[in-house]
Amino acid sequence: WLCRCGLVELDGIGSMPLLQELYLSFNELKDLSALMVLEELAVVDLEGNCVQDYKEVETLSLLSLRELTLTDNPVQRAPGYSRQALFKLIPSLQ
(Lines give C-alpha, C1' and ligand atoms only; values in the text may rest on other atoms or scores of the structure.)
Protein backbone atom coordinates (compact mmCIF):
# COMPACT_ATOMS: atom_id res chain seq x y z
CA TRP A 1 0.00 0.00 0.00
CA LEU A 2 1.54 3.28 -1.14
CA CYS A 3 -1.49 5.52 -0.71
CA ARG A 4 -1.25 9.23 0.06
CA CYS A 5 2.56 9.22 -0.12
CA GLY A 6 2.98 12.12 -2.54
CA LEU A 7 4.44 9.81 -5.19
CA VAL A 8 5.11 11.47 -8.52
CA GLU A 9 6.95 8.59 -10.20
CA LEU A 10 7.35 4.83 -9.94
CA ASP A 11 11.08 4.47 -10.51
CA GLY A 12 12.39 1.25 -9.01
CA ILE A 13 9.04 -0.54 -8.97
CA GLY A 14 10.47 -3.00 -11.48
CA SER A 15 12.62 -4.49 -8.72
CA MET A 16 9.46 -6.30 -7.53
CA PRO A 17 8.65 -8.43 -10.60
CA LEU A 18 6.32 -10.80 -8.73
CA LEU A 19 4.09 -8.02 -7.39
CA GLN A 20 0.43 -8.92 -7.93
CA GLU A 21 -1.45 -6.08 -6.24
CA LEU A 22 -0.51 -2.42 -6.12
CA TYR A 23 -2.48 0.26 -4.29
CA LEU A 24 -1.33 3.76 -5.26
CA SER A 25 -4.41 5.87 -4.57
CA PHE A 26 -4.24 9.60 -3.88
CA ASN A 27 -0.75 10.34 -5.14
CA GLU A 28 0.44 12.56 -8.02
CA LEU A 29 1.17 9.89 -10.63
CA LYS A 30 0.90 10.67 -14.36
CA ASP A 31 3.27 8.19 -16.00
CA LEU A 32 2.33 4.50 -15.76
CA SER A 33 5.05 3.09 -18.02
CA ALA A 34 7.05 1.70 -15.07
CA LEU A 35 4.23 -0.78 -14.43
CA MET A 36 4.85 -2.53 -17.75
CA VAL A 37 7.60 -4.75 -16.33
CA LEU A 38 5.28 -6.15 -13.63
CA GLU A 39 3.98 -9.12 -15.58
CA GLU A 40 2.25 -10.69 -12.54
CA LEU A 41 0.30 -7.53 -11.72
CA ALA A 42 -3.43 -8.24 -11.44
CA VAL A 43 -4.80 -5.37 -9.31
CA VAL A 44 -3.93 -1.68 -9.64
CA ASP A 45 -5.63 1.10 -7.70
CA LEU A 46 -4.80 4.54 -9.10
CA GLU A 47 -7.74 6.44 -7.65
CA GLY A 48 -7.17 10.16 -7.15
CA ASN A 49 -3.96 10.48 -9.15
CA CYS A 50 -3.06 12.73 -12.09
CA VAL A 51 -3.29 10.31 -15.01
CA GLN A 52 -4.32 12.56 -17.89
CA ASP A 53 -3.36 10.81 -21.11
CA TYR A 54 -5.37 7.84 -22.41
CA LYS A 55 -2.11 6.50 -23.87
CA GLU A 56 -0.97 5.83 -20.30
CA VAL A 57 -4.00 3.61 -19.80
CA GLU A 58 -3.38 1.92 -23.15
CA THR A 59 0.07 0.81 -21.96
CA LEU A 60 -1.66 -1.22 -19.24
CA SER A 61 -3.37 -3.33 -21.92
CA LEU A 62 -0.23 -5.47 -22.15
CA LEU A 63 -0.84 -6.67 -18.58
CA SER A 64 -3.45 -9.21 -17.49
CA LEU A 65 -5.18 -6.96 -14.99
CA ARG A 66 -8.29 -8.21 -13.20
CA GLU A 67 -8.97 -4.90 -11.44
CA LEU A 68 -8.09 -1.33 -12.37
CA THR A 69 -9.32 1.73 -10.52
CA LEU A 70 -8.95 5.11 -12.24
CA THR A 71 -11.64 7.04 -10.36
CA ASP A 72 -10.93 10.77 -9.95
CA ASN A 73 -8.19 10.95 -12.60
CA PRO A 74 -8.27 13.55 -15.39
CA VAL A 75 -8.14 10.72 -17.96
CA GLN A 76 -11.83 10.08 -17.30
CA ARG A 77 -12.53 13.23 -19.32
CA ALA A 78 -10.17 12.26 -22.17
CA PRO A 79 -11.55 11.60 -25.67
CA GLY A 80 -12.15 7.90 -26.14
CA TYR A 81 -12.30 7.07 -22.44
CA SER A 82 -15.29 5.15 -21.17
CA ARG A 83 -15.88 2.13 -18.99
CA GLN A 84 -16.79 0.12 -22.09
CA ALA A 85 -13.61 1.21 -23.88
CA LEU A 86 -11.58 0.18 -20.85
CA PHE A 87 -13.07 -3.33 -20.84
CA LYS A 88 -12.43 -3.63 -24.58
CA LEU A 89 -8.85 -2.41 -24.16
CA ILE A 90 -8.12 -4.76 -21.25
CA PRO A 91 -10.36 -7.83 -21.71
CA SER A 92 -9.04 -9.51 -18.54
CA LEU A 93 -10.75 -6.88 -16.34
CA GLN A 94 -13.60 -8.19 -14.22
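Keep in mind that the numbers below use all heavy atoms, side chains included, and drop hydrogens, waters and symmetry copies. On a predicted model such as this, the values are computed, not experimentally measured, just so you know.
Atom CD of E39 has 12 or fewer heavy atoms from other residues, nucleotides or ligands within 6.0 Å.
Counting only heavy atoms from C-beta outward, the side chains of R66 and V43 approach each other to under 4.5 Å. Side-chain contact between L68 and L46 is present, with heavy atoms from C-beta onward closer than 4.5 Å. With a 4.5 Å cut-off on side-chain heavy atoms, E40 and L19 do not count as touching. When side chains are defined from C-beta on, N73 does not count as touching V57, because their heavy atoms never get closer than 4.5 Å. Side-chain contact between E56 and K30 is absent, with no heavy-atom pair separated by less than 4.5 Å.
Tracing side-chain contacts under 4.5 Å through hydrophobic residues (I, L, V, M, F, W, Y), one reaches V37 starting from L22; they form part of the same cluster. Side-chain heavy atoms closer than 4.5 Å link hydrophobic residues (I, L, V, M, F, W, Y) into clusters, and following such links, possibly through other members, connects V51 to L62. Grouping the Ile, Leu, Val, Met, Phe, Trp and Tyr side chains by contacts below 4.5 angstrom, directly or via other members, places M16 with M36.
Note that the OG atom of S33 and the CG atom of L60 stand 10.0 Å from one another [nearest 0.5 Å]. Atoms CG and CD, on N49 and E28 in that order, are 7.0 Å from each other to the nearest 0.5 Å. Taking CG of L86 as the start and CD of E58 as the end, the distance is 10.5 Å to the nearest 0.5 Å. Taken from CD1 in I13 to CG in L2, the straight-line distance is 6.5 Å, to the nearest 0.5 Å. Put simply, CG on L7 and OG on S25 are 10.5 Å apart, with the number rounded to the nearest 0.5 Å. To the nearest 0.5 Å, atom CG of residue D45 and atom CD of residue E67 are 9.0 Å apart.
Between G80 and A85, the closest heavy-atom pair is O-CB, 3.4 Å. Summarising the geometry of L35 relative to L63, their closest heavy-atom pair is O-CD1, 3.8 Å, with the distance given to 0.1 Å.
With V44 as the partner, the side chain to side chain contact (heavy atoms under 4.5 Å, CB included) test is satisfied by one option alone out of T69, L70, L65, L38: L65.
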Problem set entry | Candidate pair Y54 and L89, rule side-chain contact (heavy atoms from CB on, under 4.5 Å), full reasoning | CA-CA 11 Å; Y54 192 66; L89 180 67; 3.8 Å; yes
Exercise. Could you walk me through whether C3 and F26 pass the side-chain contact (heavy atoms from CB on, under 4.5 Å) check?
Worked result: CA-CA 6 Å; C3 305; F26 303 102; 5.6 Å; no
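Side chain of N27 to backbone of G6: a donor-acceptor contact under 3.5 angstrom is found. Between the D53 side chain and the K55 main chain, a donor and an acceptor come within less than 3.5 Å of each other.
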